[in-house]
Enquirer: 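Here's a structure for you.
Just follow the structure's listing: the first ligand is 1, and inside any ligand the first atom is 1.
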Amino acid sequence: MKLPLIATLLCNACFTTAHYTFAIISHNDGPLSDPWTYIRNVTTGWAFSEDNINNYEPYYDLYDDNVRCGRGAATRPAHKTLSVNAGDRLAFFATQRDHNMVERLVGVYHEGPGQAYLSRAPHDDLDRYTGDGDWFKIGSITTKSDSKWALTEMPSSCGTDRWLEMNFTIPKTTPPGKYLMRVEQLFPLVPRFNNTQFYIGCAQLDIKGLGGGTPGPMVKFPGEYSIWDPCGYSS
Ligand SMILES: *[C@@H]1O[C@H](CO)[C@@H](O)[C@H](O)[C@H]1NC(C)=O
Ligand SMILES: *[C@@H]1O[C@H](CO)[C@@H](O)[C@H](O)[C@H]1NC(C)=O
Ligand SMILES: *[C@@H]1O[C@H](CO)[C@@H](O)[C@H](O)[C@H]1NC(C)=O
């Protein structure tokens, strides 16, 4: 995808000042959760400057365990597990931590695909599950045309045309049980090798329902992505 240089510059200006993560969830269009209630809390990453120290940095390393749930999150259980029915809709909201350590909504402003996966905890022991098992994809937000991603308009100087949420539906036939739900959003815009930014989060869900489905194909994280995939992204 070719973009005018001016757009790239604007975007650079944007992502050196801020990134985001997914800390807030809403269930069937209900109220927004408190940050990091149902989603596993991530640790902050390397910061560009002192000024930026409290912001979450994107994740780059496709081969590290942190690509499962975000930096430091695979071994930090969420405060709560959300009870949902198969067929329900879950929306993940992009947030950013301000200088008072408060998470605020910023919207998804990096152009790129978004996807969601589920992985059932062995023996439904969710708090202790680190996501090293099998995952299956339940949804994908891809392109709206040959030259545009569906997720986000080009940020007009970190602008206003942002998707606030990425929402996904739990498949109706998902076998009931306790699952990690992993959402990721990728930012492959900067045209350099080994440079795709990952924004990742894992919610803890207790899924009820009649089941009946056989989820698949199964993938692992790390494992699903190769650095040689075009744009670091395999569809
Ligand atoms: C999330 O983790 C950060 C440290 O990485 C901590 O300061 C903050 O209190 C945690 N928030 C919640 C709601 O657990
Ligand atoms: C929910 O997701 C669908 C499919 O990606 C999308 O068309 C819709 O706009 C989203 N809803 C909101 C409120 O963002
Ligand atoms: C990709 O980037 C990471 C740092 O983010 C680096 O450790 C790794 O060696 C790079 N891999 C290649 C093949 O360039």
Enquirer: Which N or O atoms of ligand 2 sit under 3.5 Å from a protein N or O, and how far apart is each pair?
Expert:
| residue | atom | partner | partner atom | Å |
| --- | --- | --- | --- | --- |
| ligand 2 | 2 (O) | Asn167 | OD1 | 2.9 |
| ligand 2 | 2 (O) | Asn167 | ND2 | 2.4 |
| ligand 2 | 11 (N) | Asn167 | ND2 | 2.9 |

Enquirer: Quick one: does any side-chain atom of Arg89 pair with a main-chain N or O of His27 as donor and acceptor, under 3.5 Å?
Expert: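 No, Arg89 side chain to His27 backbone: no donor-acceptor pair under 3.5 Å.
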Enquirer: Indicate yes or no: does an N/O atom of Asn41 lie under 3.5 Å from an N/O atom of ligand 1?
Expert: yes
Enquirer: For Arg40, which part has a heavy atom under 4.0 Å from ligand 1: side chain, backbone, both, or neither?
Expert: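 It is neither part, as no heavy atom is under 4.0 Å.
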Enquirer: Parallel, tilted or perpendicular: which describes the rings of Tyr199 and Tyr20, with under 30° parallel and over 60° perpendicular?
Expert: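 The arrangement is parallel - the two ring planes meet at less than 30°.
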Enquirer: When you look for heavy atoms under 4.0 Å from ligand 1, do you find them on the side chain of Asp34, its backbone, both, or neither?
Expert: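 Neither part.
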Enquirer: Is NZ or CZ of Arg182 both nearer than 6.0 Å to the six-membered ring centre of Phe221 and within 45° of the ring axis?
Expert: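 Output yes; distance and angle both within limits.
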Enquirer: Please list, in number order, the atoms of ligand 1 under 4.0 Å from a heavy atom of Trp36.
Expert: 13 (C)
Enquirer: For Tyr179, is there any backbone N or O sitting under 3.5 Å from a side-chain donor or acceptor partner on Arg120?
Expert: no
Enquirer: I need the atoms of ligand 1 closer than 4.0 Å to a non-hydrogen atom of His79, numbered in the order shown.
Expert: 12 (C), 13 (C), 14 (O)
Enquirer: If we ignore hydrogens and angles and just use 3.5 Å, is the side chain of Asn167 paired with the main-chain N or O of Leu90 as donor and acceptor?
Expert: no
Enquirer: Using side-chain heavy atoms (C-beta onward) and a distance below 4.5 Å, is Ile138 in contact with Thr169?
Expert: no
Enquirer: Using 0.5 Å steps for rounding, measure from the CG atom of Leu118 to the CE atom of Met218.
Expert: 9.5 Å
Enquirer: Are Tyr63 and Leu186 co-members of a hydrophobic cluster defined by side-chain heavy atoms under 4.5 Å apart?
Expert: yes
Enquirer: Less than 4.0 Å is my threshold; does some heavy atom of Val42 fall inside it relative to ligand 1?
Expert: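 Distance cut 4.0 Å: Val42 passes for ligand 1.
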Enquirer: Just by distance, with hydrogens left out, do Gln115 and Lys137 show a side-chain donor and acceptor under 3.5 Å apart?
Expert: yes
